[in-house]
Undergrad: 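Below is the structure I would like to discuss, written out as structure tokens.
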There are 2 protein chains.
Amino acid sequence: METVKYKYAVIATDTIIFTLREQELKVLLIKMKKAPFQNCWAVPGGLVHGDESLGDAAKRNLYETTGVKDVYLEQLYTFGRVDRDPFGRVVSVSYFALIPSADIELKTTDAYESVRWFGVSRLPVLAYDHTEMISYALERLKAKLEYTNIAFSLLADEFTLGELQQCYEIILGRKLDKRNFRKKFLSLNLVTPTGRRRTGQAHRPAMLYHFSNRNYQVIQIL
Amino acid sequence: METVKYKYAVIATDTIIFTLREQELKVLLIKMKKAPFQNCWAVPGGLVHGDESLGDAAKRNLYETTGVKDVYLEQLYTFGRVDRDPFGRVVSVSYFALIPSADIELKTTDAYESVRWFGVSRLPVLAYDHTEMISYALERLKAKLEYTNIAFSLLADEFTLGELQQCYEIILGRKLDKRNFRKKFLSLNLVTPTGRRRTGQAHRPAMLYHFSNRNYQVIQIL
DNA sequence: CCAAAAGTGTTTGTGCTACACCCATGT
DNA sequence: ACATGGGTGTAGCACAAACACTTTTGG
């Protein structure tokens, strides 16, 4: 068998979409219709069109599966093992996206058998190398939580400090000290109170905050 | 003009190769023979073969241009702007490599007009988006220097603490305190003395060290 | 009145920073 | 002898970590 050189490859993007729901970090997965992974769960993705950049392809794909736009989206890693796709040579540029819990309105597209959120600790068996992709994304997410302000991309515009802390605790998988946590965010001026309060729960109403600066920043937090 | 969809793209890898020479951080560049960037300087790279993974392509390319193997090599970022290559749709997966000063034996391949080391602060105009690639690589290198042990990939097997410190100072672009620096590396047990000394210079001979653990580790250093 | 989360300061310890002098060698 | 980098310790300070009780609401 002759060695194949300079063969064309197909470029795809796959996007690991995270959100917080029911006190858990969730990933959006789709169930595939077509062979060779019929009825397998996978991360949503698709081929890159000839006239769009990689980031645009990821954005389009994200919009098509979730209906959301303007969310945090970052390139993660490019997977190019020769045999990663039984269909042929497909190189996949993976992205990860963070969407606020509020924005969830899953489009029931007919491109997929179904679409569902899965808690990251209870993932099904996945097609391709998607298990690896997700674990890579999780690693990156955990790391960036500690030295950037991306956590804000997972929360609604207004949130309580308790919700912010839960966000960290859920993703990092450990308890944090309430007083130190609040001290940190307040002293760094990352959040400012809106004056409103969250009422309606069976306990003392919490002050609502919004982030002082919506832009991505690199700041040592934990 | 019709929109082109699902067109095949070509995958290339480009590798930013760093080394320390003459008290400077240097990048290896090649001068291109072919149009449309004839006589332009660029980062070495090439198309990915049909039967090799992305990492393998980068390794092969690195070996072909420098003759070195088994050096630090890490995927950096994937560049996919539609018009980044006037030749057609080429998506480039960039890597960065660190090679010890000792290993330099530039092969004068005839695939390129010439091959040369450039100090990172004196780069020529580059082809494609290679200027962006290098600045991205530099950012990553600086960041990783502070929280991993990759610096060791730039040094010979045996080195003095002075050389290690210079490595940090050159790349980070700032002076570090000698006592604090040594304290750090010794207390973390990252280096162990070999018992040998570096002689032959017009000053007190320095103890030679080697790294205690050659494997990549994530450790807060600075 | 009870349950549940909100809100609030102080102390202790660790680790980073800053800093200056003598030593061993080659020329 | 002199120039050059090698090698060493300490004190102050800032920040991180640990820690418990009162308040406000809804049920």
Side-chain angles (χ1 to χ4, degrees), chain A residues 20 22-24 101 143 145-148 151 155-156 158-170 172-210 218-222, chain B residues 20 22-24 101 143 145-148 151 155-156 158-170 172-210 218-222:
Chain A
L20 289 170
E22 301 149 6
Q23 310 282 28
E24 230 187 338
S101 330
L145 214 53
E146 309 213 358
Y147 70 91
T148 73
L155 298 170
E158 286 193 324
F159 51 86
T160 68
L161 292 182
E163 288 161 1
L164 180 59
Q165 185 173 344
Q166 276 179 37
C167 166
Y168 274 83
E169 289 179 341
I170 290 168
L172 297 178
R174 64 186 146 103
K175 283 280 171 201
L176 300 172
D177 182 85
K178 202 203 308 188
R179 282 175 285 196
N180 294 335
F181 185 86
R182 299 162 90 94
K183 215 182 303 170
K184 197 74 203 219
F185 279 84
L186 291 168
S187 70
L188 291 175
N189 285 314
L190 292 172
V191 292
T192 46
T194 63
R196 285 180 287 280
R197 297 167 163 279
R198 171 139 310 161
T199 53
Q201 283 131 318
H203 55 77
R204 181 173 172 178
M207 178 64 74
L208 287 166
Y209 291 81
H210 59 83
V218 177
I219 297 185
Q220 195 63 34
I221 294 175
L222 299 187
Chain B
L20 289 170
E22 301 150 6
Q23 311 282 27
E24 229 186 338
S101 332
L145 214 53
E146 308 213 0
Y147 69 92
T148 72
L155 296 171
E158 287 194 325
F159 51 86
T160 67
L161 293 182
E163 287 161 0
L164 180 59
Q165 184 174 345
Q166 275 180 37
C167 166
Y168 274 82
E169 290 180 341
I170 291 168
L172 297 178
R174 63 169 198 262
K175 284 282 171 200
L176 299 172
D177 182 85
K178 202 204 304 189
R179 281 177 285 199
N180 295 335
F181 186 86
R182 299 162 90 93
K183 214 182 305 169
K184 198 73 205 222
F185 279 85
L186 291 168
S187 70
L188 291 174
N189 285 315
L190 292 173
V191 293
T192 46
T194 63
R196 283 181 288 280
R197 295 165 166 280
R198 170 139 312 160
T199 54
Q201 283 130 318
H203 54 77
R204 179 171 173 179
M207 178 63 75
L208 287 166
Y209 290 79
H210 56 84
V218 177
I219 297 184
Q220 195 62 35
I221 293 175
L222 299 186

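The figures that follow rest on heavy atoms only: side chains count, while hydrogens, waters and symmetry mates do not. Note on naming: letters A, B, ... go to the chains in the order of the sequence lines (proteins, then strands), and numbering restarts at 1 for each one.
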Undergrad: Atom CG of N180(B) to atom P of dC13(D): distance rounded to whole Å?
TA: 16 Å
Undergrad: Return the residues of residues 190-206 of chain A meeting this criterion: a heavy atom under 4.0 Å from some atom of DNA chain C. Order them by number, or give none.
TA: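 Contacting residues: A202(A), H203(A), R204(A), P205(A), A206(A).
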Undergrad: Send over the distance from K175(A) NZ to dC19(D) C1', rounded to a whole Å.
TA: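 It works out to 16 Å between those atoms.
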Undergrad: Give a yes or no on whether the backbone of L222(A) and the side-chain of Q220(A) come within a donor-acceptor separation of less than 3.5 Å.
TA: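 Looks like yes, one N/O pair under 3.5 Å.
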Undergrad: Could you give all pairs that pass the side-chain hydrogen bond (donor to acceptor under 3.5 Å, both in side chains) test and reach residues 187-196 of chain B, with sequence neighbours left out?
TA: E158(B)-T194(B), E158(B)-R196(B)
Undergrad: Within this structure, what is the CZ-to-C1' distance between R179(B) and dG5(D), rounded to whole angstrom?
TA: 15 Å
Undergrad: Determine whether a donor-acceptor pair (N or O, by modelled atom type, separation under 3.5 Å) exists between the side chain of E169(A) and the backbone of L176(A).
TA: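 Yes, because the side chain of E169(A) sits within donor-acceptor range (under 3.5 Å) of the backbone of L176(A).
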Undergrad: Between Q220(A) (CD) and dC15(D) (P), how many Å, whole number?
TA: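 Whole-Å distance recorded here is 13 Å.
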Undergrad: Flag the pair F181(B) / L161(B) as yes when at least one side-chain heavy-atom distance between them is below 4.5 Å, and no otherwise.
TA: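 Heavy-atom side-chain distance check fails, nothing below 4.5 Å.
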Undergrad: So do L190(B) and Y209(B) actually touch side chain to side chain, heavy atoms under 4.5 Å?
TA: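 They are not in side-chain contact.
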Undergrad: In whole angstrom, what separates F185(B)'s CZ from dT8(D)'s P?
TA: 16 Å
Undergrad: Grab the CG-P distance between D177(B) and dT10(D) for me, whole Å please.
TA: 16 Å
Undergrad: For N180(A), which residues count as a side-chain hydrogen bond (donor to acceptor under 3.5 Å, both in side chains) partner, sequence neighbours excluded?
TA: D177(A), K183(A)
Undergrad: Can you check the L186(B) CG to dG7(D) C1' distance for me, whole Å?
TA: 11 Å
Undergrad: Which nucleotide span of DNA chain C, 5' end to 3' end, has atoms closer than 4.0 Å to non-hydrogen atoms of chain B?
TA: dC16(C) to dG26(C)
Undergrad: Using the side chain to side chain contact (heavy atoms under 4.5 Å, CB included) criterion, which residues pair with K184(A)? Sequence neighbours excluded.
TA: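 Partners of K184(A) by the side chain to side chain contact (heavy atoms under 4.5 Å, CB included) criterion, ordered by chain and then number, come out as L188(A).
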Undergrad: Rounded to whole Å, please give me the gap between CG in L161(B) and C1' in dG5(D).
TA: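 About 13 Å, once rounded to whole Å.
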Undergrad: Once you apply a heavy-atom cut-off of 4.0 Å, does K178(A) come out as touching a base, just sugar-phosphate, or nothing?
TA: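 Base, at least one base atom sits under 4.0 Å.
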Undergrad: So does G162(A) get a backbone contact from the side chain of Q165(A), meaning a donor-acceptor N/O pair under 3.5 Å?
TA: no
Undergrad: What about K183(B), does its side chain sit under 3.5 Å from the base of dT8(D) through a donor-acceptor pair?
TA: no
Undergrad: Which residues pass the side chain to side chain contact (heavy atoms under 4.5 Å, CB included) test with R197(A), sequence neighbours left out?
TA: P205(A), M207(A)
